Amino acid sequence: MGAAPPGKPVSASRVTISQLMQPEHANTLGNVHGGWIMKLMDEAGALACMRHAQQRVVTLVVDQLIFQQPILIGDMVTITAEVSYAGRTSMEAEVRVVAENPITGQRTHTNKAFIVYVALDEDGKPISVPPLIPENDRQRERVREAQARQAYRTAQRASSGLGNPGP
Ligand SMILES: CC(C)(COP(=O)(O)OP(=O)(O)OC[C@H]1O[C@@H](n2cnc3c(N)ncnc32)[C@H](O)[C@@H]1OP(=O)(O)O)[C@@H](O)C(=O)NCCC(=O)NCCS
């Protein structure tokens, strides 16, 4: 067995994506389609975890995602993703969405989600990832919270029946 990969700080894999919301991103009400935001969030979280692991990753779990306020066509959406926890082969990313009217400068924090990814080797099997090095008290606290979330998810996994053949 090879040496364990060295730890990497949170800032080394942080990802920020900005995009202007165009008419092709609209839902039937004329606001931004939630599915488009979910796609961008998943991409940003996956990129942060790929940068951390330096491996391909797949999305495994998306925690609660609330659309409390609409995002408007013409807004600039900025998505920030940071690795919030690294297990053996799994990682959690905290993904935040801010919508900004680029004319007035008014900014609204519209969404946040925790998304879990698993790093895969060339054969599509889970592969170990570097430990995460938190760089401040907020990140250290977030790691503790993420450990509790991951413990809850894995307990849920055991009772979900998912992965078993259906009836
Ligand atoms: C990701 C995948 C390869 C993991 O396979 P698996 O058989 O569960 O692998 P393991 O049991 O070794 O688990 C791998 C890691 O995922 C974690 N994990 C697995 N199921 C989990 C769940 N429901 N919740 C939280 N973590 C979970 C395990 O705890 C482990 O983490 P660790 O190594 O950091 O301790 C498999 O579930 C898969 O292929 N899923 C489909 C992914 C995909 O296609 N996503 C796109 C959506 S269509």
Side-chain angles (χ1 to χ4, degrees), residues 1-19 21 24-27 32-67 71 77-97 110-167:
M1 198 148 119
K8 289 174 74 171
V10 171
S11 57
S13 54
R14 184 181 294 125
V15 167
T16 303
I17 297 173
S18 289
Q19 193 176 90
M21 293 296 102
E24 67 260 30
H25 303 128
N27 61 22
V32 172
H33 192 291
W36 186 256
I37 299 300
M38 290 161 74
K39 176 179 183 291
L40 290 178
M41 293 178 78
D42 185 36
E43 278 178 7
L47 278 171
C49 290
M50 286 169 72
R51 294 182 86 194
H52 180 78
Q54 296 187 265
Q55 302 285 350
R56 296 174 307 157
V57 303
V58 282
T59 310
L60 179 62
V61 181
V62 181
D63 274 3
Q64 187 182 48
L65 182 54
I66 300 172
F67 292 94
I71 300 176
V77 160
T78 299
I79 311 216
T80 307
E82 287 183 351
V83 178
S84 45
Y85 160 84
R88 192 180 65 81
T89 66
S90 65
M91 293 155 284
E92 181 192 78
E94 178 179 357
V95 185
R96 295 166 58 87
V97 183
T110 54
N111 307 82
K112 180 172 98 166
F114 295 103
I115 309 181
V116 180
Y117 301 86
V118 173
L120 300 181
D121 67 13
E122 294 295 316
D123 299 321
K125 300 270 184 293
I127 185 172
S128 61
V129 303
L132 183 71
I133 303 174
E135 297 164 285
N136 54 47
D137 286 345
R138 186 185 69 81
Q139 291 178 6
R140 275 184 281 277
E141 176 62 20
R142 188 173 61 182
V143 167
R144 284 191 286 274
E145 292 168 358
Q147 285 167 336
R149 279 190 295 273
Q150 186 63 359
Y152 176 76
R153 293 182 194 113
T154 48
Q156 292 288 105
R157 174 194 189 182
S159 58
S160 70
L162 291 175
N164 297 326

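In this text the structure is predicted, and so the values were computed from the model without any measurement. Just follow the structure's listing: the first ligand is 1, and inside any ligand the first atom is 1.
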- Item | CD (Q64) with more than 12 external heavy atoms under 6.0 Å |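 Check fails, neighbour count at 12 or below.
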- Task: Flag the pair D137 and R140 as a salt bridge only when some basic side-chain nitrogen lies within less than 4.0 angstrom of an acidic carboxylate oxygen.
- Result: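 Counted as a salt bridge, because a side-chain N and a carboxylate O are separated by less than 4.0 Å.
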- Query: Is it true that R144 and E141 make a salt bridge, defined as a side-chain N closer than 4.0 Å to a carboxylate O?
  - Reply: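 Answer for the salt bridge query: yes.
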- Task: Counting heavy atoms only, name the option from R88, R157, R149 that's nearest to atom 35 (O) of ligand 1.
- Result: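 Heavy atom nearest to atom 35 (O) of ligand 1 belongs to R88.
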- For ligand 1, note which part of Q156 has a heavy atom under 4.0 Å away: side chain, backbone, both or neither.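 No part of Q156 is near ligand 1 at this cut-off.
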Specify the protein heavy atom at minimum distance from [atom]: its residue, its atom name, and the distance to 0.1 Å.
| atom | result |
| --- | --- |
| atom 25 (C) of ligand 1 | Q150 NE2, 3.4 Å |
| atom 31 (O) of ligand 1 | S90 OG, 3.2 Å |
| atom 33 (O) of ligand 1 | T89 OG1, 2.6 Å |
| atom 29 (O) of ligand 1 | T154 CG2, 3.6 Å |
| atom 17 (C) of ligand 1 | L60 CD2, 3.9 Å |
| atom 42 (C) of ligand 1 | T59 O, 3.5 Å |
| atom 5 (O) of ligand 1 | P126 CG, 4.5 Å |
| atom 3 (C) of ligand 1 | L120 CD2, 4.0 Å |

- Query: Can you find a protein heavy atom closer to atom 11 (O) of ligand 1 than 4.0 Å?
  - Reply: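 Yes.
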- Task: Verify the contact flag for atom 23 (N) of ligand 1, where contact means a protein heavy atom under 4.0 Å away.
- Result: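 Within 4.0 Å of atom 23 (N) of ligand 1, protein heavy atoms are found.
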- Item | L65 side chain near I37 side chain, heavy-atom distance below 4.5 Å |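 Contact flag for L65/I37 side chains = no.
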